[in-house]
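Notes for the one structure printed next.
Atoms within a ligand are numbered from 1 in the order they appear, just like the ligands themselves. Both backbone and side-chain heavy atoms feed into the values below; hydrogens, waters and symmetry mates do not. Everything numeric in this text was worked out from a predicted model, so none of it was measured.
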Amino acid sequence: MASLPLLREKALRRAEVSSADWNDWGWQLRNRLTTREDLEGFVRLTDEERRGIELAPSLFRIGITPYYASLMDREHPSCPVRMQVIPLGVEERVSRGEYVDPLGEDGLMPEGVSSIVHRYPDRVLLLALDRCAIYCRHCNRRRLVGQDDGVIPKQELERALDYIRRTPQVRDVLISGGDPLTLSTDKLEWLVSSVRAIEHVDIVRIGTRVPVCLPMRVDDELCAMLRKYHPLYINTHFNHPKEVTPEARAACEKLADAGIPLGNQTVLLRGVNSQPRTIEALNRLLLKMRVKPYYLFQGDPVQGTDHLRTPVSAGLEIMEHLRGRITGMGIPQLVIDAPGGGGKIPILPNYLLNWSNGELKLRNYEDKIVHYVEPVERDCTCAYDEVFFAPS
Ligand SMILES: *Cc1c(COP(=O)(O)O)cnc(C)c1O
Ligand code: SF4
């Protein structure tokens with residue numbers, strides 16, 4: 001296997017850029033690969049990929065940072081990086097059970113506020129912009145992102161902030177999009193500080209793929225800004241160990257050093273990370289750079305993604321494999337985000353084989369059968385709660 005730095009150096013030479021440009025996130029965004037000619041500088045395209053590229057304008061735009069493209073395998077079409085960003089002709093096929101808006105998000109926007117999705121009582125999703133650093137072929141928001149590659153008008157964001165201000169049950173604001181870390185530090189600061197200033201908001205979360213595909217964006221200025229608004233959490237989106245490069249690691253470590261707890265949301269993708277050993281390797285690498293595996297998503301039924309989705313059994317096998325083999329810190333929750341908008345539903349291998357008369361028959365990770373006998377007393381009242389939770 002050729003070393004990653006070597007591949008990257010080759011990519012640099014091909015594009016003939018200085019390392020100052022390469023490490024400039026603005027340059028990376030301005031020079032994203034969007035056409036067949038661009039891509040041919042990095043990989044030997046297959047016929048199916050060429051067809052996908054031809055169809056992409058009517059399906060979902062292509063956008064790949066030179067950095068992310070430099071991780072692609074030039075020869076092998078099953079390269080996990082390639083498969084996430086180069087479209088295939090089969091994307092034009094709409095399969096049974098697939099939707100334009102798989103999670104019914106459009107129906108969960110409060111009246112007159114198009115950048116809030118309010119599904120759970122205590123938390124909202126704030127869609128801050130429609131631009132991402134790369135456009136992922138499995139994106140569940142492909143109907144929204146990448147349309148005009150721009151920032152949502154400030155008045156619209158003001159309406160979103162107003163909604164949060166007048167909705168006191170909201171205690172957790174998840175800033176997403178699009179990718180919020182592709183905003184300028186000033187714009188992002190305006191948004192984060194505005195959310196932070198709302199008294200009933202306990203925590204702010206940012207969802208981003210930047211550490212994966214534009215790690216140079218995580219600079220000192222960004223970290224210095226973010227650390228002023230704690231408690232702030234970041235969830236990122238690594239899907240394959242190949243994405244854990246020295247640059248990605250540096251980005252995550254910088255954020256962690258700024259005191260930001262990091263989680264990761266992986267999307268299960270057929271032929272990319274659908275094998276237990278791939279997720280095991282990924283999660284070990286994530287933990288080493290202080291990122292806690294948070295969710296493992298069954299692919300959302302987005303139109304044109306049938307070829308990228310896995311049977312649910314693949315996810316269950318991965319969970320079965322992880323349990324007992326890797327530290328509990330490295331075990332994410334496997335979830336299906338309910339089509340139509342029911343929220344995330346955890347699914348687990350079945351460890352509870354029988355439960356009757358206060359006795360549980362359980363199975364451990366080695367398939368050993370154990371029994372657990374429940375205590376006799378069943379009343380679980382916490383008598384002190386009346387004191388602790390008493391209105392003062
Ligand atoms: C995923 C999601 C959240 C956050 O869910 P958590 O389980 O709290 O991480 C909130 N709102 C919407 C609409 C979501 O899709
Ligand atoms: S970064 Fe996230 S929102 Fe953007 S295209 Fe990829 S999956 Fe979609």
Side-chain angles (χ1 to χ4, degrees), residues 29 32 56 59-65 68 81 83-87 101-110 113 115-147 149 160 164 167 169-183 202-214 217 233-239 243 261-269 272 292-300 302 304-305 308 332-346:
L29 286 181
R32 280 182 295 181
L59 298 171
F60 183 45
R61 72 182 294 167
I62 298 169
I64 310 166
T65 56
Y68 197 65
V81 175
M83 287 177 72
Q84 290 184 68
V85 285
I86 302 182
D101 175 16
L103 309 180
E105 293 183 328
D106 295 343
L108 292 167
M109 292 171 174
V113 192
S115 54
I116 291 270
V117 180
H118 196 170
R119 171 178 299 143
Y120 300 102
D122 74 324
R123 53 207 191 275
V124 294
L125 206 61
L126 197 173
L127 306 176
L129 76 170
D130 80 359
R131 177 177 63 193
C132 297
I134 58 170
Y135 292 104
C136 315
R137 305 325 294 178
H138 56 276
C139 182
N140 64 12
R141 235 172 253 147
R142 55 157 67 197
R143 74 189 185 284
L144 296 178
V145 303
Q147 299 294 325
D149 218 13
I164 301 168
T167 314
Q169 59 272 35
V170 174
R171 306 181 64 165
D172 170 6
V173 176
L174 179 40
I175 302 175
S176 179
D179 197 316
L181 294 195
T182 66
L183 289 169
D202 294 338
I203 62 168
V204 180
R205 289 194 275 174
I206 294 176
T208 178
R209 245 203 133 175
V210 153
V212 184
C213 55
L214 188 66
R217 168 41 178 140
Y233 292 70
I234 287 183
N235 273 331
T236 182
H237 176 177
F238 285 88
N239 283 337
E243 297 169 331
L262 301 171
N264 186 66
Q265 314 198 139
T266 293
V267 177
L268 278 171
L269 297 168
V272 171
K292 162 88 180 79
Y294 177 49
Y295 280 137
L296 181 61
F297 283 102
Q298 171 67 19
D300 292 325
V302 198
T305 58
L308 284 173
Q333 273 194 71
L334 175 63
V335 292
I336 298 184
D337 216 334
K344 296 172 185 72
I345 300 170

(message) At less than 4.0 angstrom from any non-hydrogen atom of Val117, what atoms of ligand 1 do you find?
(response) 13 (C)
(message) List ligand 1 atoms under 4.0 Å from Leu125, heavy atoms only on the residue side.
(response) 13 (C)
Protein contact of [atom] - nearest heavy atom, named by residue and atom, plus distance:
atom                    : answer
atom 12 (C) of ligand 1 : Arg119 NH1, 3.8 Å
atom 2 (Fe) of ligand 2 : His237 ND1, 4.4 Å
atom 8 (Fe) of ligand 2 : Cys139 SG, 2.3 Å
atom 8 (O) of ligand 1  : Arg123 NE, 2.6 Å
atom 7 (S) of ligand 2  : Cys136 SG, 3.7 Å

(message) Could you measure the distance from the CG atom of Leu144 to the SG atom of Cys139? Nearest 0.5 Å is fine.
(response) 8.5 Å
(message) Run the side-chain contact (heavy atoms from CB on, under 4.5 Å) test on Ile64 and Arg32 for me, step by step, so that the C-alpha distance in whole Å, both residues' side-chain angles and the decisive distance to 0.1 Å come before the verdict.
(response) CA-CA 5 Å; Ile64 310 166; Arg32 280 182 295 181; 5.8 Å; no
(request) Would you mind telling me if ligand 2 is within reach of the side chain of Cys132, the backbone, both or neither, using heavy atoms under 4.0 Å? (result) side chain
(message) Tell me the contacting part of Ile134 for ligand 2: side chain, backbone, both, or neither, using a 4.0 Å heavy-atom threshold, strictly below.
(response) backbone
(message) Does Arg142 form a side-chain contact (heavy atoms from CB on, under 4.5 Å) with Tyr135? I'd like the steps, not just the answer.
(response) CA-CA 8 Å; Arg142 55 157 67 197; Tyr135 292 104; over 6 Å; no
Below 3.5 Å, N or O to N or O, backbone or side chain included: is there any such pair between [X] and ligand 1?
X      : answer
Arg205 : yes
Glu105 : no
Tyr295 : yes

(message) In this structure, does ligand 1 have an atom that sits under 4.0 Å from one of the heavy atoms of His118?
(response) no
Measure from the side-chain N and O atoms of [X] to the backbone N and O of [Y], and report whether any donor-acceptor pair falls under 3.5 Å.
X      : Y      : answer
Thr182 : Ala133 : no
Arg141 : Gly178 : no
His118 : Tyr120 : yes
Arg137 : Thr305 : no

(message) Taking a cutoff of less than 4.0 Å between a non-hydrogen atom of the residue and any ligand atom, is Thr208 in contact with ligand 2?
(response) no
Proximity to ligand 1 by part of [X], non-hydrogen separation under 4.0 Å:
X      : result
Gln333 : neither
Lys344 : side chain
Leu174 : side chain

(request) Taking only Lys NZ, Arg NE, NH1 and NH2, and the carboxylate oxygens of Asp or Glu, determine whether Asp337 and Arg119 approach each other closer than 4.0 Å. (result) yes
(message) I'd like to know if Arg143 pairs up with Asp101 as an ion pair, taking the criterion as any Lys NZ or Arg NE/NH1/NH2 lying under 4.0 Å from an Asp or Glu carboxylate oxygen.
(response) yes
(message) Distance check below 2.8 Å: does His138 bring an N, O or S atom to atom 8 (Fe) of ligand 2?
(response) no
(message) Evaluate Arg217 against Thr208 for side chain to side chain donor-acceptor pair (under 3.5 Å), listing each step before the verdict.
(response) CA-CA 11 Å; Arg217 168 41 178 140; Thr208 178; over 6 Å; no
(request) Pick out which of Leu174, Ile175, Leu126 makes a side chain to side chain contact (heavy atoms under 4.5 Å, CB included) with Pro180. (result) Ile175
(message) Can a side-chain donor-acceptor contact be found between His237 and Asn239 if the only test is distance below 3.5 angstrom?
(response) yes
(message) My understanding is that we take every heavy atom of each candidate and find the minimum distance to atom 6 (P) of ligand 1. Doing that for Tyr233, Phe297, Tyr294, Tyr120, which one comes out nearest?
(response) Tyr294
